[in-house]
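Below is one structure, written out as structure tokens; the observations come after it.
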Amino acid sequence: MNYWLMKSEPDVFGIDHLAAMPEQTEHWDGVRNYQARNMMRDQMKVGDQVFFYHSNTDVPGIVGLAEVVKEGYPDFTAHDPDCKYYDPKSSPDNPRWFMVDIKLVRKLKRTISLREMKDLAEGPLEGFRLLGKGNRLSVMPVEKEYWDYILGLE
DNA sequence: GCCAACGTTGGC
DNA sequence: GCCAACGTTGGC
């Protein structure tokens, strides 16, 4: 089993949106970055655990846990000209972008803020990719030692 | 293949 | 709103 962190803007699709979905499950569309795509297409497996992270908000941080319930399949929003994620270079026959489905496990009792994690960047969270300089990846792997430590902060 | 221009992400 | 980081595009 592997561990991941996925970023989303709460105004666009936050943890409460996920909680309100049927089965508390949603497909993770709109990722248009090759590194993130490769992880969703090739590496994320059913049962993998996910930190749900809120970005671009007052208190950025981890707000919930989710799990992968469907492995990589074509992101059909790339094929809808009316969708903001439309990409004419992708097609159903030759899809360029992929997504997974995730299901809410639970919301955290409190937000584990980026600020709090940064303060640990030279200690227990040294090397955690989220804290690296200029990291903009919206999907990233989380090593188990970091996963366990961060959950322990809750 | 290089690299300048441009666009996006995301914290602050 | 600003701006650093950095990925992508396209001319050459």
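These numbers come from the heavy atoms of this one structure, side chains and all, not from hydrogens, waters or symmetry mates. Naming: A, B, ... by sequence-line order, numbering from 1 per chain.
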[X]: side-chain contact (heavy atoms from CB on, under 4.5 Å) partners, not counting sequence neighbours:
X        : result
A:Lys133 : none
A:Ser113 : A:Val59, A:Arg115, A:Glu116
A:Tyr73  : A:His27, A:Lys70, A:Met99, A:Asp101

(Q) Tell me which pairs pass salt bridge (Lys or Arg N to Asp or Glu O under 4.0 Å) where either residue lies in residues 143-154 of chain A, with sequence neighbours left out. (A) A:Arg106-A:Glu154, A:Lys109-A:Glu154, A:Lys144-A:Asp148
**Q.** Sequence-aligned protein contact record of nucleotides 5-10 of chain B, with B where the base is within under 4.0 Å of a protein heavy atom and S where only the sugar-phosphate is
**A.** --BBBB
**Q.** Counterpart residues, side-chain hydrogen bond (donor to acceptor under 3.5 Å, both in side chains), relative to A:His54 (two or more places apart)
**A.**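 Residues passing side-chain hydrogen bond (donor to acceptor under 3.5 Å, both in side chains) with A:His54: none at all.
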Q. Roughly, in whole Å, what's the span from NZ in A:Lys133 to P in B:dC12?
A. 14 Å
